[in-house]
Asker: 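Input: one structure, supplied below.
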Protein chains: 2
Amino acid sequence: MDKTDKTPLALEAFLPYTLSRAAELVSRRFATIYKDHAGLTRPEWRTLATLGQYGTLTATLIGAHSSMHKTKVSRAVQSLEERKWLRRSTDENDRRIEHLELTREGERNYRKLAELARAFEAGLKDMLGEESFSELNRGLAAVERQLGTDVF
Amino acid sequence: MDKTDKTPLALEAFLPYTLSRAAELVSRRFATIYKDHAGLTRPEWRTLATLGQYGTLTATLIGAHSSMHKTKVSRAVQSLEERKWLRRSTDENDRRIEHLELTREGERNYRKLAELARAFEAGLKDMLGEESFSELNRGLAAVERQLGTDVF
DNA sequence: CTAAATTTGTTTCATATGTAACAATCAAAA
DNA sequence: TTTTGATTGTTACATATGAAACAAATTTAG
């Protein structure tokens with residue numbers, strides 16, 4: 001028998017494709033929110049969101065919680081620091097570590113964007129319908145359970 | 001009442017994040033297949049897959065079917081042409097258009113990779129379980145229906 | 001205690017990406 | 001017909017990305 005199948009692969013039904021396509025569609029829309037309202041890049045938004053959620057963190061932990069490469073975190077932190085949306089402070093016991101936390105203005109902007117983010121997600125839920133929205137979330141949770149143990 | 005909510009946004013349960021996270025997890029794994037077995041980049045794989053599925057196409061159509069920016073398509077086509085995996089031919093009636101099709105070797109490699117792709121997806125289905133896999137697909141289809149009319 | 005190994009975060013460098021400008025060609029309008 | 005306006009695909013340029021090298025600090029081994 002043949003080693004190769006003649007049936008072509010349908011890209012529009014192939015999970016790695018449909019998944020990245022859907023992610024791009026949603027990310028592109030959501031990006032307009034933090035871009036238009038705050039002039040943030042995606043790494044900057046994620047850093048802000050992670051600090052807003054967890055409070056004080058190190059750069060390494062921000063990367064772990066938001067699935068970002070350490071160079072992305074490093075650059076986003078620099079940028080947010082220049083805007084005075086976050087503050088650094090060196091650890092007393094281990095001077096390699098810097099504790100990062102939002103400033104008052106950082107917090108204020110975080111709350112504003114978090115609110116817009118919730119509204120965005122609610123709108124998405126409406127568009128997709130309760131059922132599809134739940135199914136999508138359950139499916140994504142399954143992916144996270146099975147593949148999420150990777151470094152990134 | 002307050003304009004802002006004090007409840008932080010949980011990034012790990014926020015759809016734009018979980019979706020792009022899952023897409024990256026899956027894409028990263030699948031990428032090892034076309035990288036290791038054929039030394040292809042993602043745009044190159046998608047171009048190959050689209051031509052393999054549809055036969056002869058123009059660059060614009062490849063972009064439409066695979067959600068790729070025209071510069072990505074242009075570069076991927078150049079690269080695949082250099083490998084002699086695809087062939088160009090100018091349209092008789094409209095000399096702006098180039099018809100692109102896989103060479104015999106391109107076809108051969110397409111079939112091999114398509115087979116590996118199917119196996120990869122089957123493995124994913126096993127890992128996630130029938131139910132989660134279906135839910136994920138239905139959820140992604142809903143996203144495509146609602147947001148898929150965008151240019152990209 | 002000293003040396004080797006590890007951790008943290010930054011920077012360098014090469015690559016990947018998309019916007020915008022472009023050349024070539026064709027279509028539509030005047 | 002001329003000329004104005006799209007369309008197709010490539011290229012130039014500026015930005016984004018990550019691997020690898022790195023400095024500084026800490027930890028572990030011997």
Side-chain angles (χ1 to χ4, degrees), chain A residues 20-21 23-25 27-29 31-32 34-36 39-47 50-51 56-82 86-101 150-152, chain B residues 20-21 23-25 27-29 31-32 34-36 39-47 50-51 56-82 86-101 150-152:
Chain A
S20 82
R21 159 95 175 148
E24 271 179 34
L25 286 172
S27 282
R28 240 178 248 272
R29 292 225 175 182
T32 66
Y34 51 73
K35 273 203 188 88
D36 295 352
L40 294 180
T41 64
R42 187 156 80 160
E44 286 160 12
W45 150 251
R46 279 200 188 172
T47 297
T50 305
L51 285 176
T56 302
L57 287 178
T58 65
T60 299
L61 284 174
I62 292 175
H65 281 297
S66 60
S67 313
M68 287 196 296
H69 192 274
K70 61 182 180 175
T71 58
K72 272 188 185 166
V73 176
S74 176
R75 285 154 183 156
V77 165
Q78 276 180 5
S79 165
L80 291 175
E81 186 188 27
E82 281 162 21
L86 75 73
R87 176 174 37 245
R88 320 161 95 120
S89 58
T90 307
D91 184 279
E92 293 293 316
N93 299 50
D94 187 341
R95 291 186 304 177
R96 289 170 303 182
I97 295 173
E98 287 194 322
H99 297 285
L100 307 166
E101 63 179 333
D150 289 14
V151 182
F152 256 25
Chain B
S20 82
R21 159 95 175 148
E24 271 180 35
L25 285 173
S27 281
R28 238 178 249 275
R29 291 223 176 186
T32 66
Y34 53 72
K35 274 203 189 88
D36 295 352
L40 294 179
T41 64
R42 188 157 78 162
E44 287 161 10
W45 151 250
R46 278 201 188 171
T47 297
T50 305
L51 286 174
T56 302
L57 288 176
T58 66
T60 300
L61 285 174
I62 291 176
H65 283 296
S66 60
S67 313
M68 285 197 296
H69 192 274
K70 61 181 179 174
T71 59
K72 269 187 188 168
V73 177
S74 177
R75 286 155 183 157
V77 165
Q78 277 182 3
S79 166
L80 291 175
E81 188 189 26
E82 282 164 20
L86 74 73
R87 176 176 35 247
R88 320 160 95 118
S89 58
T90 307
D91 185 278
E92 292 292 317
N93 299 47
D94 186 342
R95 291 186 305 175
R96 290 171 301 182
I97 296 173
E98 288 194 321
H99 299 285
L100 307 167
E101 64 179 335
D150 290 15
V151 182
F152 254 29

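Residue numbers begin at 1 in each chain, while the letters A, B, ... track the order of the sequences.
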Asker: For A/Leu40 and D/dT15, give me the distance from atom CG to atom P, rounded to whole Å.
Answerer: 18 Å
Asker: Start with the C-alpha gap between A/Lys35 and A/Trp45, add the side-chain angles, then the distance that decides, and say whether side chain to side chain contact (heavy atoms under 4.5 Å, CB included) holds.
Answerer: CA-CA 9 Å; A/Lys35 273 203 188 88; A/Trp45 150 251; over 6 Å; no
Asker: Given atom CZ of A/Arg42 and atom C1' of D/dG18, what is their separation to the nearest angstrom?
Answerer: 15 Å
Asker: Rounded off to whole Å, could you give me the CD1-to-P distance for the B/Ile62 and D/dT10 pair?
Answerer: 10 Å
Asker: With respect to the side chain of A/His69, which nucleotide from C/dT10, D/dA19, C/dT19 is positioned closest?
Answerer: D/dA19
Asker: Report the nucleotide, chosen from C/dG18, D/dT26, C/dT10, that has the shortest atom-to-atom distance to any side-chain atom of A/Asp94.
Answerer: D/dT26
Asker: For the pair made of CD1 in A/Ile97 and C1' in D/dA24, what is the distance, rounded to whole Å?
Answerer: 13 Å
Asker: At under 4.0 Å between heavy atoms, what does B/Arg88 touch on the DNA or RNA strands: base, sugar-phosphate, or nothing?
Answerer: sugar-phosphate
Asker: If you define the side chain from C-beta out and look only at heavy atoms, does anything of B/Pro43 sit under 4.5 Å from B/Arg75?
Answerer: no
Asker: Rounding to an integer number of Å, can you tell me how far B/Glu98 CD sits from C/dC26 P?
Answerer: 13 Å
Asker: Does the side chain of B/Ser66 come within less than 4.5 Å of B/Lys72's, by heavy atoms?
Answerer: no
Asker: Here's a test of your reading of the structure: between A/Lys72 and A/Glu92, which maps to the more 5' nucleotide of DNA chain D?
Answerer: A/Lys72
Asker: Between D/dT26 atom P and A/Asp91 atom CG, what is the distance in whole Å?
Answerer: 9 Å
Asker: What is the distance, to the nearest angstrom, from the NZ atom on A/Lys35 to the P atom on D/dT15?
Answerer: 15 Å
Asker: Can you tell me if B/Gln78 touches the phosphate of D/dG9, counting only side-chain N or O atoms and a distance under 4.0 Å to OP1 or OP2?
Answerer: no
Asker: Taking OP1 and OP2 of C/dT10, is either one under 4.0 Å from a side-chain nitrogen or oxygen of A/Ser74?
Answerer: yes
Asker: Could you tell me whether A/Thr60 contacts a base, only the sugar-phosphate backbone, or nothing, with contacts defined as non-hydrogen atoms closer than 4.0 Å?
Answerer: sugar-phosphate
Asker: Counting side-chain heavy atoms from C-beta on, which of C/dT7, C/dT17, C/dT11 comes nearest to A/Arg96?
Answerer: C/dT7
Asker: Would you state whether a donor and an acceptor, one from the side chain of A/Arg95 and one from the base of C/dG9, lie under 3.5 Å apart?
Answerer: no
Asker: Of A/Asn93 and A/Thr71, whose closest DNA chain D nucleotide lies nearer the 5' terminus?
Answerer: A/Thr71
Asker: Taking only the side-chain heavy atoms of A/Arg75 (C-beta and beyond), determine which of D/dT11, D/dT8, C/dC13 contains the nearest atom.
Answerer: C/dC13
Asker: Sort out for me which residue in B/Thr47, B/Val73, B/Thr50 forms a side-chain contact (heavy atoms from CB on, under 4.5 Å) with B/Leu57.
Answerer: B/Thr50
Asker: Quick check for you: to the nearest 0.5 Å, what is the distance between A/His99 atom NE2 and A/Glu92 atom CD?
Answerer: 8.5 Å
